[in-house]
Novice: 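Here you go, one structure.
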Amino acid sequence: QVQLVESGGGLVQAGGSLRLSCAASRFSVSARTMGWYHQAPGKQRELVASITSDGRTNYADSVKGRFTISRDNAKNTIYLQMNSLKLEDTAFYYCNTAPIAVRAYWGQGTQVTVSS
């Protein structure tokens with residue numbers, strides 16, 4: 001069955017950078033719109049960035065200008081380059097289809113913690 005595996009999270013100081021990866025199996029990330037979502041404790045999971053099959057990108061206002069979503073079709077992988085990280089970016093990050101996620105596709109996510 002479809003598997004989406006997120007990686008690349010960690011602890012970083014405010015102003016720093018991380019690159020997250022989402023590796024897909026039995027699923028083609030090039031065939032549909034894919035997105036990165038984040039979820040902080042006590043909050044709903046929210047779409048942060050998305051990329052369509054033809055390469056159009058969209059970002060939540062909170063990350064616009066700081067985050068970049070990209071896709072490597074050969075590796076069947078979605079990336080999220082996160083720069084100028086802020087404390088409020090602290091959350092678990094997940095990938096899935098966008099803007100509507102498929103429940104069964106949710107992976108374990110990867111934790112991003114931004115410190116002072």
Side-chain angles (χ1 to χ4, degrees):
Q1 63 186 44
V2 170
Q3 187 174 39
L4 300 173
V5 180
E6 301 92 346
S7 63
L11 175 64
V12 65
Q13 284 192 331
S17 298
L18 285 172
R19 191 177 81 149
L20 308 184
S21 299
C22 170
S25 59
R26 295 177 293 279
F27 179 90
S28 176
V29 302
S30 67
R32 61 205 65 201
T33 300
M34 297 295 298
W36 282 96
Y37 299 75
H38 72 18
Q39 186 171 25
K43 300 267 192 173
Q44 290 188 342
R45 196 166 296 181
E46 294 183 320
L47 183 63
V48 172
S50 63
I51 183 166
T52 66
S53 60
D54 63 346
R56 289 178 288 120
T57 59
N58 200 13
Y59 300 92
D61 287 343
S62 61
V63 308
K64 197 169 297 181
R66 300 187 298 118
F67 291 9
T68 304
I69 188 171
S70 61
R71 181 183 63 231
D72 187 330
N73 292 340
K75 293 184 176 181
N76 204 28
T77 299
I78 297 291
Y79 302 96
L80 185 68
Q81 178 66 46
M82 304 187 296
N83 298 326
S84 302
L85 282 160
K86 303 176 178 179
L87 266 59
E88 51 262 45
D89 296 320
T90 295
F92 268 94
Y93 285 74
Y94 305 83
C95 60
N96 210 315
T97 56
I100 300 172
V102 177
R103 189 217 65 79
Y105 292 179
W106 292 119
Q108 293 296 302
T110 186
Q111 174 71 49
V112 171
T113 303
V114 183
S115 69
S116 299

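None of these values were measured; they are calculated from a predicted model.
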Novice: Go through V29 and T77 one step at a time and tell me if the side chain to side chain contact (heavy atoms under 4.5 Å, CB included) criterion holds.
Specialist: CA-CA 7 Å; V29 302; T77 299; over 6 Å; no
Novice: Decide yes or no for I78 and I51: does some side-chain heavy atom of the first lie under 4.5 Å from some side-chain heavy atom of the second?
Specialist: yes
Novice: With side chain to side chain contact (heavy atoms under 4.5 Å, CB included) as the criterion, how do S17 and Q81 come out once you've worked through the C-alpha distance, each side chain's angles and the decisive distance to 0.1 Å?
Specialist: CA-CA 7 Å; S17 298; Q81 178 66 46; 4.0 Å; yes
Novice: Around atom CZ of R56, are there more than 12 heavy atoms from other residues, nucleotides or ligands closer than 6.0 Å?
Specialist: no
Novice: Heavy-atom distance under 4.5 Å between the side chains of M34 and R71, does that happen here?
Specialist: no
Novice: Heavy atoms, side chains only, cut-off 4.5 Å: are L11 and S115 in contact?
Specialist: yes
Novice: Give the C-alpha distance, both sets of side-chain angles, the deciding distance and a yes or no for side chain to side chain contact (heavy atoms under 4.5 Å, CB included) between Q39 and E46.
Specialist: CA-CA 6 Å; Q39 186 171 25; E46 294 183 320; over 6 Å; no
Novice: Any non-hydrogen side-chain atom of V12 less than 4.5 Å from a side-chain atom of T113?
Specialist: no
Novice: Do side-chain atoms of N73 reach the backbone of N76 as a donor and acceptor pair under 3.5 angstrom?
Specialist: no
Novice: If hydrophobic clusters are built by linking Ile, Leu, Val, Met, Phe, Trp and Tyr wherever their side-chain heavy atoms come under 4.5 Å apart, do V5 and V112 end up in the same one?
Specialist: no
Novice: Nearest 0.5 Å please: distance from the CG atom of L80 over to the OG atom of S21.
Specialist: 9.5 Å
Novice: Which is it for T97 and T33 under the side chain to side chain contact (heavy atoms under 4.5 Å, CB included) test, yes or no, and what are the steps along the way?
Specialist: CA-CA 6 Å; T97 56; T33 300; over 6 Å; no
Novice: Testing the basics here: between S30 and S53, what is the closest heavy-atom pair and its distance to 0.1 Å?
Specialist: O-CB, 3.2 Å
Novice: Decide if atom CD of Q108 counts as having more than 12 heavy atoms of other residues, nucleotides or ligands within a radius under 6.0 Å.
Specialist: no
Novice: Quick one: do S50 and N58 satisfy side-chain hydrogen bond (donor to acceptor under 3.5 Å, both in side chains)? Show the steps, please.
Specialist: CA-CA 5 Å; S50 63; N58 200 13; 4.9 Å; no
Novice: Should the pair K64-D61 be classified as a salt bridge under the 4.0 Å nitrogen-to-oxygen rule?
Specialist: yes
Novice: Can you pull out every ring-ring contact (aromatic ring centres under 6.0 Å, His included) where at least one residue sits in residues 81-116? Sequence neighbours excluded, please.
Specialist: F27-Y105, Y37-W106, H38-Y93, Y94-W106
Novice: Between Y79 and T68, is any pair of side-chain heavy atoms under 4.5 Å apart?
Specialist: no
Novice: Mind checking whether S116 and L87 have side chains closer than 4.5 Å, heavy atoms only?
Specialist: yes
Novice: Hey, which of T57, D89, N83, L18 is the one that makes side chain to side chain contact (heavy atoms under 4.5 Å, CB included) with F67?
Specialist: D89
Novice: Do L47 and L4 belong together in a cluster built from hydrophobic side chains that touch within less than 4.5 Å?
Specialist: no
Novice: Can you tell me how far CZ of R45 sits from CG of N96, rounded to the nearest 0.5 angstrom?
Specialist: 8.5 Å
Novice: Do the side chains of T110 and L20 get nearer than 4.5 Å, heavy atoms only?
Specialist: yes
